[in-house]
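Below: the structure, in C-alpha cells.
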Amino acid sequence: MEPIQYVGEHLTPGIIGQLAITLGFVSALFSAISYFSSTSSSSDRRWLTMGKVGFGIHSISILSVIVVMFFIMINRYYEYQYVWAHVSDELPLKYIASAFWEGQEGSFLLWMFWNIVLGIILIFKSGKWEGPVLGTIATVQVLLNSMILGVYIGFGDNPYKLGSNPLLLLRDTMNAPIFNNADYLALIKGNGLNPLLQNYWMTIHPPTLFLGFSSTVVPFAFAVGALIKKDFHGWLSPVLPWALFSGGILGIGILMGGAWAYEALTFGGYWAWDPVENMSLVPWLILVAGIHTNLIAKATQQSLRSTFAFYLLTFILIVYSTFLTRSGVLGDTSVHAFTEMGLENQLLLFLLLVTLVPGGILIWRWKQVPNPEKEEPTSSREFWMFIGTLVLFFSSILITASTSLPVYNKIRQAFNPAYIGEVITDPIPHYNKYQIWIAVFIAFLSGLAQFLRYRENSLTSRWRKLSIDWGVSLVIAILLGGVILLWIDTFVWQYTVLLFAATFVVTSNFWYWIKILRWNTKLVGSVSSHIGFGLMIIGVLASGLNENIITSNSFLMEGVIEGDDASLRNNVLLFEDTPVNIRDFQITYKGDSLDVYTKTYFVDFIKIEENGDTSEQFTLAPNILYEKDFSKIAAYNPSTKRYFGYDIFSSITALPQVEMEAEFKKEKEANLNYKTQYLSFENEITVYDTVINETTGSETINEFKVFLKGIDREPTHPEYSPEQGDIALGLEVGIYDIKAPDKIYYATPVIVIRGQLLYGYPVQINPLNTKIKLPDDVLDIIFPDESRIPYREIKLKKGERYPINATYTVTFEGFNRSPQHPNLQPKEGDIYVGGQLKITRNDNVNFWTEPVFLIRDNQPYFLKTQIEKIGFHSRFIEIDPSTETATFSIALEPPISRIPVEIATDSLRYDYIVLEAKVFPGINLFWLGATLMMLGLLLAVIPKLKKKYALGS
Amino acid sequence: MKKIHIIGITMIVVAVVLLTNAAGDMSTYASFQEAENSQQRVKIAGELAKDKAMEYRPEVDPNYFSFYIKDMNGEERKVVLLAAKPQDFELSEQIVLTGQMEGEIFVATDMLMKCPSKYKDEEIYIKSGEKEI
C-alpha cells in the first residue's frame, strides 16, 4: 500500500522536540559523569567545566522541548497525540499551561524545569560543592529525562519501551479508519482539558508542588556530596537554607492541594488521608525532622548521621510517592492517582537507584561519620529536639506503612496469586487515632524545648527562671484552652488533651518570643512555624469535630430503612422559590442562569437566631459545568461563604435527571403524554390530570382550567434567540388548578419558522407538573391562506368611518410616522408610515390596529396586521399625499376559535436542586496556622542568607 | 546503653504494637454472604449489575439511591446508598462500598468508584460532534 500523503501536518516541531529530548538525555548523562569525575580529582578543573557545559546543553534542550510543547499546544496541532488529548479549540489560552502539566509527560517536564532552575542557581552559588551536588542533580535529570524518551530497547516482537514521548503523532499512537483519510486533520478536534481542572488551582498548585518536589533534591545532593567528599561538617551550613526553602515550598504545595479540594472540588474537606495526600506529607515530615537534626548538628556536632539519613530519605520518599501515584498501584484506594502508562518498571528502577546507591554510600561511610561518644544531656535542647525528630520519623513510618498496603498486597500476590489483598476499612479514623498522639507529643516538645539551651548540662542554675517561663505558658494555655474548649464544645478526652497541647505550643512560643528573644526577628521563623502548628491543630479540631452538615434532615425521611442512621442523610431537596428551614437557616433556591457551559444556581440563606429573628442574609452560588455537548455534567463546583469564625460551604449533589442527561431529556420529552386541546378567546377549557399514588394505588384527579390570553407575534422564550427572517408565534396561555383559582400561571409556548424548518419551544409549568407546546397546525390557524381571504379595498381620510357590517365600523384615526410592527426592522433609506385603525363594535368596545406601508429600495411592502379576537385583517396599500387619503385592504373573517395547543400533565417538575451545605467553624484558624507554619520555614531562610557563609563557602 | 537507645527501642515496640493493633482496621473485601454472617461494617468490591434497575428520585428522597451489585462471588444484592447518585455512576468498572447488611439490603455509607480514564477510551471526536471509533 502506498503511504498516505497527509495534508496539513506540522512535523518540524516534533522533529526538533525529539532531537532536544535525546540531546537532553545524553547531555545530562555527560554532565553527571563529568561532575562526579571532578570530585575525585579536585585539582583538575576540566571535569567541572565539562559538567557545567553538559548541564548547560541539557538545560537548553529541555527548555526547547517545553517551548516546542507550548508552541504545538497554542497552535492546536492535533496531529500530536499530547495536544489532541489535552487541548481543544474551546480551551482558553490561560489554561494552556494547565493542559501542559495535566499529563504525565508534561508534569515530568515541569519537574525537570525546576531542577534546571535550581541547578543553575547552584552552579553559581554552591562553590566547592558544585561537583557532587550538580552531579547528583544531573543524574536525577537523566532518570527523569528517560521517562519522556520514548525509545524502544531490545529486539524481536516485544522490545521494551523506555519512557513515554510527549511528541508522538496521534496517527502513530492509535489505529483508526479516519487515518486513511489524507485530510484527517480537518475532521478531528481535541479532547481538551478535563473541566474539573479548568480553574486557577490547576494553574498554581502543580508548579508549586513540583517546585517543592524538585527542591528536595538539593539537601539530598548535598548529603550525597558530603558522603562522597567525606566532608561531614562543611555541608551543614550551606544546605540549611535550601532545606528550609524546600520545606516551606513543599508545605505550601501540599496546602494548596488541600485548599483546592476544599474550595473548588466537592470533596467536602481539606484532608482525607488519601494515599496521594499522605505520600506528599510523609517526605515533608521527614524533611522537617532533617531540618531539626541539621540545626542540632550545626550547634553541637550531634545527630550528624540522622541528618544524612533524613535528607536522603526525603528525596527517596518523593520518588516513592511518585511511584505510588503514577504506577497505578494505588488503583482503587485513591481518588486522584494517575492511570497506568507502562512506566511502572522504569519508576521502580528510579526508586531503587535513588534508594540503593545513596543508601549504600551512607552505610559504607556510616562508621566514618563522626558521632560524639558523649551523650546529649537530658537537660539540653538537642536531646528533646532529637526526640521530636524521632516522633516525626515514627509518624512517617505509621503513615507510610498504612498507605503502602496496596504495595504490600501486590508483593504478596506476586508470590501467591491466590492471596486476597487487604484494605483499610475506614481510613480517616485509622490515621487519626495514631496521629493525634504524635501531634500531642510534638506540641509539648516544641513548647518545652524552646526554652532549653544547646549543650546545657544542668538546669539547676536557672531552674527558677525556667519554671516561671514554663509555668506562665502553661497557665495561659490552660485558660485559653478552656475558652476554646467551650467554643468547640467537644469533651472527648483525647481531643481535649490535644487541644491543650496545641494551645500550649502557641502560648509557650509566643512567650519565648517576647520574653527570651525580646521580639527579635532573627528567629521569628522558628516561632512562627511552631505557633502556626498549634493554631493549625486548633483549627483542625474546631472544623473537623464541629463540621456541621446543616442540610442533614434528621426527621424527614426516617424509617425508610431499618437502622438507618439519619446523620448520613446529608442532602436537602429545594424547590424553586420554596423556602426550607434547615438548622439555623432558612434557605430558598431562587433560580439559575446558564453561561456557556456553566449553570449557576442561586440559593438564598437567611440566618435565624435562637429567638426566631432573622439576622443576616446572603446568597451562595454553587454551579455545575456541562460537557461540551451538554450530554452530561462534567463537574460540580461548590460555593462558600466565609466568615471570620466559620465557613458555610454548599454544593449541588444532584439535579433532576432531565437537567443532568441530555439523552434522558430527549427520551422523557418524547414519552410525554401530550393531548391536543382547543382554545378560544371566549371560553376556558378544562383539563383533567389523573395521578396514581404509587404506594397506595389510589387515584387523584386534578382539574386544571386553561384559557387563551393573547397571541404574541414577537414572543420571547429562554431557549429561543431570534434571527432575521424568523416567523415566530407565541400563544399566551393561562392555567390554574381549580383548587387554587387565584394562583394563575402564565406560559408562552413558541413555534418558529426558520427557513424550511419548524422549531418548537415548549414551556414547563413546574408547580402543576405540566408542559405546554404548540402543534404545527397552529400556524395554519393563525396564519390563514391569504388568497382565501375576501379582502375589500377602502379609501379613507383621517377621521372618516366605514361600516364593515352591522356589528363593526372601522375609523381611520391618522398616520403614524414611527409605527411598531413585528416584521418592521427599519433600514437606512426606508420610508414607512403606519395607518391607525380603530374598529368599533356595536356594543362600543374598541379595537386598535396599525398596518404599515413601507417603501424599501423603491419597492412597496404592505405589512399586515390581524386582530385574531374578532378576525379582522388589514393592510395599508396606498397613500395619496395630495388628498391625504389612505387605501386599506381589509377583511372580516369569523374570529379564530379552536386554536390547538398540546398539554401534557405528566411532565414532572424539574425546578429543584439537591443541595448539601456544611458549616466549618474555625477553618480559618487552620489556614492561618498552616500558612504561618510554612511562612516560618521561608522566613528562617532570610537570616541564613544574610550571613555571609550561608551560601558558597 | 544510652538513653536515646532506650527511647528508640520503646518507640519501635510502640510502633509494632500499634501496627499490630491496626490490623483490626484492615479487612479483605468481603462478599455479601460474609457481610450477612458477620453483621459488621465491611468493604465490598464488586461490579454494577447493569441489567438491574437503578433508582434515584431526588424529588422523592434526595438521600436514597438504590442499585444492584454483583460481588466477587457473583452474588447479586440490592444496595442502598444513603446519598445522592454520584456522577458517571453507570460508567464505573469497579465499585467499592463500605457499609453493612440490613436484612436483605446492603446499606452503604461510602462508595469509591473506579472509572475508566477520560482519555483511555480512545475516541476521536469528529468536528460535527459525532463520535467515531
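Reminder, nothing fancy here: chain letters follow the sequence lines and each chain counts from 1.
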Item to complete: Might you confirm whether atom CD of B:E47 has over 12 heavy atoms from other residues, nucleotides or ligands at distances under 6.0 Å?
Response: no
Worksheet item: Is it the side chain or the backbone of A:L915 that comes within 4.5 Å of chain B heavy atoms, both, or neither?
Response: neither
Practice prompt. Between chain B and each of A:T653, A:I424, A:I913, count heavy-atom pairs under 4.5 Å; write down the option with the most.
Written response: A:I424
Discussion item. Using a 4.5 angstrom heavy-atom cutoff, name the option from A:L390, A:I397, A:L908, A:L655 with the most pairs to chain B.
Written reply: A:L390
Practice prompt. Sort A:F386 into side chain, backbone, both or neither according to what part of it lies under 4.5 angstrom from a heavy atom of chain B.
Written response: side chain
Practice prompt. Using a cut-off of 6.0 Å, state whether more than 12 heavy atoms not belonging to B:Q39 lie near its atom CD.
Written response: yes
Item to complete: Determine the option with the most heavy-atom pairs under 4.5 angstrom with chain A, choosing from B:I7, B:V42, B:T98.
Response: B:I7
Discussion item. Determine whether a donor-acceptor pair (N or O, by modelled atom type, separation under 3.5 Å) exists between the side chain of A:N571 and the backbone of B:N63.
Written reply: no
Practice prompt. Please confirm whether the backbone N or O of A:A654 pairs with a side-chain atom of B:K85, one donor and one acceptor, at under 3.5 Å?
Written response: no
Worksheet item: By a 4.5 Å heavy-atom criterion (distance strictly below it), what part of A:P427 contacts chain B: side chain, backbone, both, or neither?
Response: side chain
Discussion item. Taking side chain as everything from C-beta outward and backbone as N, CA, C, O, which of these in A:L405 sits under 4.5 Å from a heavy atom of chain B? Side chain, backbone, both or neither.
Written reply: side chain
Worksheet entry | Considering all heavy atoms, the nearest B:M11-A:I387 contact | CE-O, 4.4 Å
Worksheet item: Counting heavy-atom pairs under 4.5 Å to chain B, which of A:Y184, A:F393, A:F394 comes out on top?
Response: A:F394
Fill in: Atom pair OH (B:Y56) and CD (A:Q657), whose distance is rounded to the nearest 0.5 Å
10.5 Å
Practice prompt. Examine whether an atom of A:S88 lies under 4.5 Å from a heavy atom of chain B, and if so say whether it belongs to the side chain, the backbone or both; otherwise answer neither.
Written response: neither
Practice prompt. Would you indicate whether A:F575, at its atom CZ, is surrounded by more than 12 heavy atoms from other residues, nucleotides or ligands within a distance under 6.0 Å?
Written response: yes
